[in-house]
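Below is one structure; the comments refer to it alone.
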Amino acid sequence: MILDKLKNIFGIKNKEQKIDDIVSAKVIAISKSLHKNKNSLEKIFSKSDDLIYRKIYLENSNTSLLLVCIDGMVERDLIADHILTPLQLEDNKGDITINLEKIKEKLITTLEVEISKGFQQLTRSLLSGNTLLFIEGYKQALMIGTTGWEARSIESPASEETIGGSREGFIESIKTNISLIRKRIKTPKLAVELLEVGRKTRTNIALVYLKGVINHELVGEVRNRIEEIDTDGIVGSSQIEQLIENHKWSIFPQIMSTERVDKTVGSILEGRITIIVDGTPFVLIAPVTFATFLNSPDDYYERSITSSAMRVVRYISYVLTTTLPALYLALTAYHPGMIPTPLVLTITESRMGLPFPTIVEVLIMEFTLEILTEASIRLPRPIGQAVSIVGGLVIGQAAVQAGIVSPLIIIVVSLTALTSFVIPVYSFTLSNRLIRFPLIIMGGLAGLYGIFMGWIFILIHLASIESFGVRYLGDFSPYKLEHLKDTIIKVPQGWMTQRPEILNVEDTKKQDIEKARMIVDE
Amino acid sequence: MKFLLSRYSKLFLSLLFIIIMIGCWDYKEIENRGYVLGIAIDKPKPLPKGYENDQSYQEEKKLERMELQQGEPRYAYTIQIPILPKAQVKPIGGGGGGGGAESSRSWDLTLLGNSFFEANREFSTRLNYAPFYEHLKVIIINEKVAREGIIPPLDMILRDPEMRRRTKVFVTSEEAHKILDVTPRIDDYAAMYLADLPRNATKTSRMPHITDLGEVAESLHGQVDFGLPIVISTSDEIKIIGAAAFKGDKMVGRLSGIQTIYAKWIRDAIKGGVIVIKARHNPNILLTLELKKVKTKLRPIVDGDNVKILIKSKAVINLAEESETRYKDALKQDFIKNIEQGAKDEIESNIKETIKYVQQELGADIFHFKVILQKFAPKTWEQVEDDWYEVFRNLDIVVDVDVELEYIGTVK
Amino acid sequence: MSRELESINICSFIIHGMISIRLLSIPRAIVEYAENDSWISVLIMGGYALLIGYLFYWLGLRYKSLTFSQICEKVYGKFFGKIIILGIAIYTIISFSLGIRLFTDGIRIFLLDTTPIIFIITIMILACLYCLLKGVRTISIILDMLLPLILAFILLLVFLSLKNVKFIHLRPFFYGGVKPILQGAREMADPFLTVGIIGYVLPYFKNFKKMKKWIAISVSISVAVYTIILLLCIMAFGSTEIKYLIFPTITLSKSIMLESNILERAESLYMAAWIPITFSTLLLFYLASTLNLKAFFNTKKDRVIIFSQVPLFLVLALYPDNISEVFYLIGWNEDLGQLLIFLIVPLTAMIEFFKERRKNLK
């Protein structure tokens, strides 16, 4: 355990090789006989009935070919138009020889054609949607790029709606996702590194960043951590997130995942690294800080004063959503002297004759709230709405009428629910919904003292965690005016001349004020 | 590492568990506190005539008597707590409140005792929710109690952290608990109603408005004399009628409403109010002047062994009302000068009279001349310190009021 | 020792060190001597604190990777050095324990009546412990996060109290002469000695750019806070009344009354605001104490020293029977602090100065 940690620190990789299912395919060599090759493939892909074996015989040149592909992963038109048709046409020209070289260089008209010698590479290629072409008498085979499977079209990101932002969200295909970024950053400095992860899934992962801007140690660190991943499979990007983050037991996300293209592009331009995982529309952004989770892309589309105001609202909401129930509990049960007298009398009146102590009441209602939010996510949209109406109105009102809870607690709980939806990033919202409960217990235990100490504990934790070498609260310490420009408030675009300093970027300058002005003047 | 981690977490979990098991020492449901809104301090009274045989009255009295550990009861403490109806199932947004049929929304409990703390704890034998004083609004002291000294009954209230420094203190010549018994027409609780009254000091200066417990404590600790408002009541009304002057912690006399205006004037405490003067050219015409701003400075004039106090004051007034409706001269400088001069004379003579009254009848330094000497002439103060009250009685006063008329109120 | 702090970080270290729980009770201690002129005492001591701060800084620059305790050992030799380190250790440990005890008593008076002291103390010590284990950079972030909050609270207190101010309470000026003022200034020595945290955190800084400016600014802010609070207390209550108050600053917030009914009792809120203030000061004492003990035992085992102090703190904090005993012990500890601030620190700087002169002459 300690050894492993040390190795992690110094970046030494474990010696043992990653186990690979395809490794076993290596032992078989490609044979000159098409029949034998077919048998080998059938052995490797036993019980896979979606493999298509197409035998082609070219009469004039007396050549036998075997075309292999996986149904549904290839674009059938592509194979017909660019492989089968040219071969037949060439053959029809008369008595000529057709060899491997010629097929590769001339006949096949798709973009990617490669020669492979081993079954290991062939298998991998086949599984990625390429088409294999064996030729009688050659101990080699061609891998032809015909990848094409059904993909969702680009839609507006469902989980992160904005008002002013672009309507394009990432989809499940890594190629489309990269192209969405490339479309917006047209510079050769945009680096796209491809990696593969997962013993069984062999998921493609792309690291996208700006060369010359990003801190190259960060790239190395991320690459190392991803390469060290040794797992059966990756299903979603959050698995990558959990496998490479620093503090596994923290409830705060240390990597941002987003569906939005504009947010990703903005982060890349700031000097952050983006991890795109094939098969998920969620792109990972690192490193991130506490403040980035409270920024919404909309902030950059609105006037700076209004968006600063919205930021402040968000920070206040953050405090409310985490602390309000605890505060209510502490004030009523410990310090009723702090509440104005008329309000104290009202609360007292509303709590007369209720069976449960306030702390139980708060916990019950908060728990109900969590159930409701969870239930409305699971259910299809129309039913989800019904559930929230049932939960919010009916249960709330019924609980008050039945004399189980006081009406004030309903206000408090619904306010915490509302404020929690103000936070733009869902994973961050989740962690903050969790903080609420220890704070309620602390507040119930020692009143305001408990809440303050609870927050001090949370702050210490927040201050101690880091995301890829960047402190989570690094935006607030040490004091720099530069930090303030895009954290709690947002200054006008022209003033944001520097990239965030905590990212340790190589090129700190984002824009010149003078130049920005000149453009305006023109 | 793993071993350590698990041990830590176990330790932490067990600690948390223990804390939760024992915890919540101070936890108390909001409805389980008896919010005391007002305290009234009286002298214990014998049964009123004609009630000696009244059975229910006798029983009530029995409850109010408590077994004392030392001596005979010297005070009758009354606390007022709100009556909050048990919540009935009521529809959301259905108005709330619902006072029901009871006429009074508050409950006044009386106990006879020596120390307030003892009485306070004794209340817990009658009240299922222990009294809670953080919302205490007023303390009303009976004049007889006040004349004997207010430190003994108030000491605990002055020191307890549960008490607020902003609690208002009043004096009444009636039985203090009767004031609490009043049900004001537009408020539920007499205590809260009364506590808001001094806020009207911007409208009238006939009542002292600095009546906080904290100020009383400061005066008592600083050994300066002070004044507190006097209230009277009917069954559904409360009125502040002037000020009670305190020398040390003992009440020595009263100031009428008008005297209060000028006492406040000297103390630089005027926030607003009204004075009425006679017009100089025709005594039949009354002029009502509104005080907009009054600034008073007190300075000692030391001349060898002789000390005088200079009261230098600047007042900005508006002409609010005139019993003669012809405003023909209103815009002339002479007219304005006349009013200013008239007001100046009136105010100066009233101030002198008030001081004379206080010096001779009360002998309490409620104007804080003592403080002025301490601050501005400390050497002289050391000479007169020992027989200050004698000096005070014969202290010469120089009054200089400068009146400025701002608005004449001609709208027609 | 990793150098990861920027020079501006020194601000929050100094301000948090100097604005401590003592701000609640110190007006009474000074007013006992200096009456109305107490604020002059604070200013005088503030000037001296700035000087001491610079001395610490100067010493720290001469031995860039050593804490003040280690410097003492270098300057005075092994034996005398250890004695001084022991003195500092006693001072820091007792300051921590009594500070937490004073705070707990305040909490018990204003927030939690019957909660056992040990519970309040344990939670506070646990928080300090947790933060200390996470390293100096974490401490610095925490301090930076809490500083605006604390200053905002104090500012709010100042603004709300302005209504209660009576200038007449400030007079007469200089009536008692200079001696009471100096005596009052001596009372301030103890809270201002915490400027010495500079001597312990300097090894963690990676750059010293404009450090002098930051030290001056932060010492001035702290002195200004003390002066303003003291002035407000005197002007609101008068010097005679302050002598009757255990925590004059809390009483100041008690007498706040807003026209509108937003907050019924401001003092509970202020007591709550004092929680982070106390936490940060205690944390710094803990840090200094740990670094000091490390120098004493010549060890690098952080954790052992951090953990082994906990029972000591607990026992010492629980030792006094009542608040007057706490104040008695604080008075005793203050004498030790005064010895440090008036004798040891200048002496160390002087010896170092002459050593250097001799070296230069040679």
Side-chain angles (χ1 to χ4, degrees), chain A residues 247 250 289-291 319 323 327 330-331 333-346 442-466 469-484 487-488 501-502 504, chain C residues 4-12 103-104 107-108 110-113 115 119-120 122-124 126-135 137-149 205 214 258 260-269 271-280 283:
Chain A
H247 307 273
S250 172
T289 59
F290 183 85
V319 175
T323 332
L327 204 63
L331 285 187
Y334 282 88
H335 321 290
M338 286 174 71
I339 312 171
T341 314
L343 185 59
V344 153
L345 298 181
T346 317
M442 286 297 272
L445 209 60
L448 273 183
Y449 179 69
I451 294 178
F452 269 76
M453 290 316 289
W455 259 112
I456 283 176
F457 274 107
I458 293 170
L459 268 183
I460 296 171
H461 174 71
L462 279 171
S464 69
I465 58 178
E466 51 181 44
V470 175
R471 287 285 176 151
Y472 213 51
L473 293 178
D475 282 316
F476 306 109
S477 162
Y479 300 135
K480 290 246 164 76
L481 266 183
E482 203 59 42
H483 287 164
L484 202 62
T487 49
I488 298 180
E501 188 216 338
I502 44 167
N504 268 327
Chain C
E4 42 188 355
L5 300 185
E6 303 269 345
S7 59
I8 193 170
N9 282 120
I10 197 85
C11 282
S12 42
F103 166 74
T104 314
I107 287 279
R108 295 239 313 172
F110 291 104
L111 287 179
L112 304 166
D113 264 341
T115 305
F119 172 73
I120 300 173
T122 312
I123 287 200
M124 188 54 102
L126 275 180
C128 293
L129 185 77
Y130 179 39
C131 195
L132 210 57
L133 287 175
K134 293 287 181 187
R137 173 85 172 111
T138 305
I139 294 177
S140 148
I141 294 178
I142 285 288
L143 296 183
D144 279 353
M145 295 289 293
L146 293 179
L147 187 60
L149 193 83
F205 279 78
W214 296 128
L258 302 171
S260 50
N261 266 334
I262 302 172
L263 260 181
E264 196 67 21
R265 267 167 77 97
E267 71 266 28
S268 304
L269 189 67
M271 200 57 226
W274 243 268
I275 298 166
I277 295 181
T278 314
F279 165 73
S280 57
L283 185 62

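Proteins come first, then strands; the chains are lettered A, B, ... in the order of their sequence lines, and each starts at number 1.
The environment of C:K134 atom NZ is sparse: at most 12 non-hydrogen atoms of other residues, nucleotides or ligands sit within 6.0 angstrom.
Looking at residues two or more places apart in sequence or on another chain, you find a salt bridge (charged side-chain N to carboxylate O under 4.0 Å, His left out) between A:E482 and A:K485. Applying the side-chain hydrogen bond (donor to acceptor under 3.5 Å, both in side chains) rule to C:D144 yields the partners A:S477, C:N9, C:S12; only residues at least two apart in sequence or on another chain are considered.
Between C:I275 and A:Y449, some side-chain heavy-atom pair lies under the 4.5 Å cut-off. The side-chain heavy atoms of A:F457 and C:I123, taken from C-beta on, include a pair separated by under 4.5 Å. In this structure, C:E6 and A:Y479 have side chains that are not in contact, with every pair of non-hydrogen atoms separated by 4.5 Å or more. Contact check for C:I120 versus A:M453: no side-chain heavy atoms found under the 4.5 Å cut-off.
Heavy-atom minimum distance, C:P276 versus A:F452: CD-CD2, 3.6 Å. Nearest heavy-atom pair across A:I460 and C:T138 is O-CG2, 3.8 Å.
C:I141 contributes atom CD1, which lies 10.0 Å from atom CG of A:D475 (distance to the nearest 0.5 angstrom). Going from atom CG of A:L445 over to atom OG1 of C:T115 covers 8.0 Å, rounded to the nearest 0.5 Å.
Of the atoms belonging to C:S140, heavy atoms from both backbone and side chain fall under 4.5 Å from chain A.
For the options A:H461, A:R471, A:H335, A:E466, heavy-atom pairs under 4.5 Å to chain C are most numerous at A:R471. When A:L448, A:I456, A:I451 are compared by the number of non-hydrogen pairs under 4.5 Å with chain C, A:I456 comes out ahead. Counting heavy-atom pairs under 4.5 Å between each of C:L5, C:L111, C:L146 and chain A puts C:L111 at the top.
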